[in-house]
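Take a look at the structure set out below.
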Amino acid sequence: MNTLLKILKDIRPECNFQESKDFFEDGLLDSFDLMALVSELDKKYNISIDGMDIIPENFNTVESIKILLNRNGVEL
Amino acid sequence: MEKVTDWKSLRELTSGISRRSEGYTSNLYLSHADVEILIAKEALWQIAIPGALIILRNDDKFFRVYHLAENNLSLEIALKSIPRNVYVSDLIDRPEHGDKIISSYIKSGFKAHTILKRMTLIKESKKIDFITNKKFIASTEDVLSIHSLLERQLDPYSEQIPNIEDIKREVQQEHILIVRHGSDVAGMIMYELRGHMAHLRLWHVDNRFQGRGIGKSLMTIFLNRCCQAHRILLWVIASNTRSVSIYERYGFVFDGLQDQIMIRPQESLR
């Protein structure tokens, strides 16, 4: 879990992700941050997230990212 | 070219484009909700070939092009297969990454049009209940004047001019600020505010009313209304040094993202 928070913090250092219930609704991430996040997750876990899974709903909390990673065979 | 009729079948097509390919490229930044709205409007079309998918969005006067491709060759083949019409594509990336994709578009009859650059203002988020004088908040009666001002002054290829329905929606959310002159709109700001992030979409003063402090007044009100935001974004035409220096005075800085706008005119073909 901490690794995910670190990746998020590297992308947007000024944001407090731990206090957010929805990274996009709370204005912490935008669609270009999402691309950076996907790229980091791909590299970190050696996966290739499906193009149509790259939507805010799958990345709006640490939990939802975790579920997506699990679907891609990553156990956290 | 086929009409996109549902999200699921579009998703199946995009799943067929492997992101594992070394040359993978995409400029598809539409959210699921955006796609559903465009499907309902029957405004999305698709061209699928092995290794590439082109999605075309009908913007009335031209089509906007989105692509997903496993490599530049597949992208070129797909782009060359789109039928005769006017096409515009936004290639958003960091400048060091975008050259090969731009080259694929050029080989397919597109020409480089404008470069937009993104500027960001990072600031402290404040919780202040700022009350805006109602005269600065656009009402439904201003919708046509706002649309007319934007149509008169903006480049439709670079600026994604909102249509009447978009303007009405933003007016309802009180996300358009204006200064009126008689029944005309002398200047306007349109923005989005989501949590701690604001996006300054449009800031324009009618040429006839420039130099009177209208733009500055609007910006001051906008910044006050967005006091909860700690990040404000905007896109500016890179060659417009006057606008860039004004934004810099407010603390905006280039954040490295750029949007190369490509256009394929109707006559330029294959």
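We name chains A, B, ... by the order of the sequence lines, and we start the count at 1 in each one.
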(request) Just do the side-chain contact (heavy atoms from CB on, under 4.5 Å) check on Phe24(A) and Met197(B) with the steps written out, would you? (result) CA-CA 9 Å; Phe24(A) 293 89; Met197(B) 181 154 37; over 6 Å; no

(message) Applying a heavy-atom distance below 4.5 Å, give me the residues of residues 33-41 of chain B that approach chain A, sorted by number.
(response) none

(request) Step through the shown structure and confirm whether more than 12 heavy atoms of other residues, nucleotides or ligands are within 6.0 Å of NZ on Lys44(A). (result) no

(message) Would you say CD of Gln173(B) has more than 12 non-hydrogen atoms from neighbouring residues, nucleotides or ligands within 6.0 angstrom?
(response) yes

(request) Please flag which part of Leu257(B) lies under 4.5 Å from any non-hydrogen atom of chain A: side chain, backbone, both or neither. (result) side chain

(message) As an exercise, state the distance from SG of Cys15(A) to CZ of Arg231(B), rounded to the nearest 0.5 Å.
(response) 7.0 Å

(message) Need one label for Ser15(B): side chain, backbone, both or neither, based on atoms under 4.5 Å from any heavy atom in chain A.
(response) both

(message) If I take atom NE2 from residue His196(B) and atom CD from residue Glu19(A), how far apart are they, to the nearest 0.5 angstrom?
(response) 8.0 Å

(request) Could you tell me which portion of Ile55(A) (side chain, backbone, both or neither) has an atom closer than 4.5 angstrom to a non-hydrogen atom of chain B? (result) side chain

(request) Could you tell me whether Arg194(B) and Asp22(A) make a salt bridge, using a distance below 4.0 angstrom between a side-chain N and a carboxylate O? (result) no

(request) Counting only heavy atoms closer than 4.5 Å, note whether Leu233(B) contacts chain A via side chain, backbone, both or neither. (result) side chain

(message) Please report the interatomic distance CG(Asp259(B)) to CZ(Phe32(A)), rounded to the nearest 0.5 Å.
(response) 7.5 Å

(message) Has Arg19(B) got a side-chain atom pairing as donor or acceptor with Asp50(A)'s backbone, closer than 3.5 angstrom?
(response) no

(message) Let me confirm one number: the CD1-OG distance from Ile92(B) to Ser31(A), rounded to the nearest 0.5 Å.
(response) 7.5 Å

(message) Is any side-chain heavy atom of Arg12(A) closer than 4.5 Å to one of Ile122(B)?
(response) yes

(request) Check whether Leu29(A) gets within reach of chain B through its side chain, its backbone, both or neither, counting any heavy atom under 4.5 Å. (result) backbone

(request) Identify which of Asp53(A), Asp26(A), Leu28(A) forms the greatest number of heavy-atom pairs closer than 4.5 Å to chain B. (result) Asp26(A)

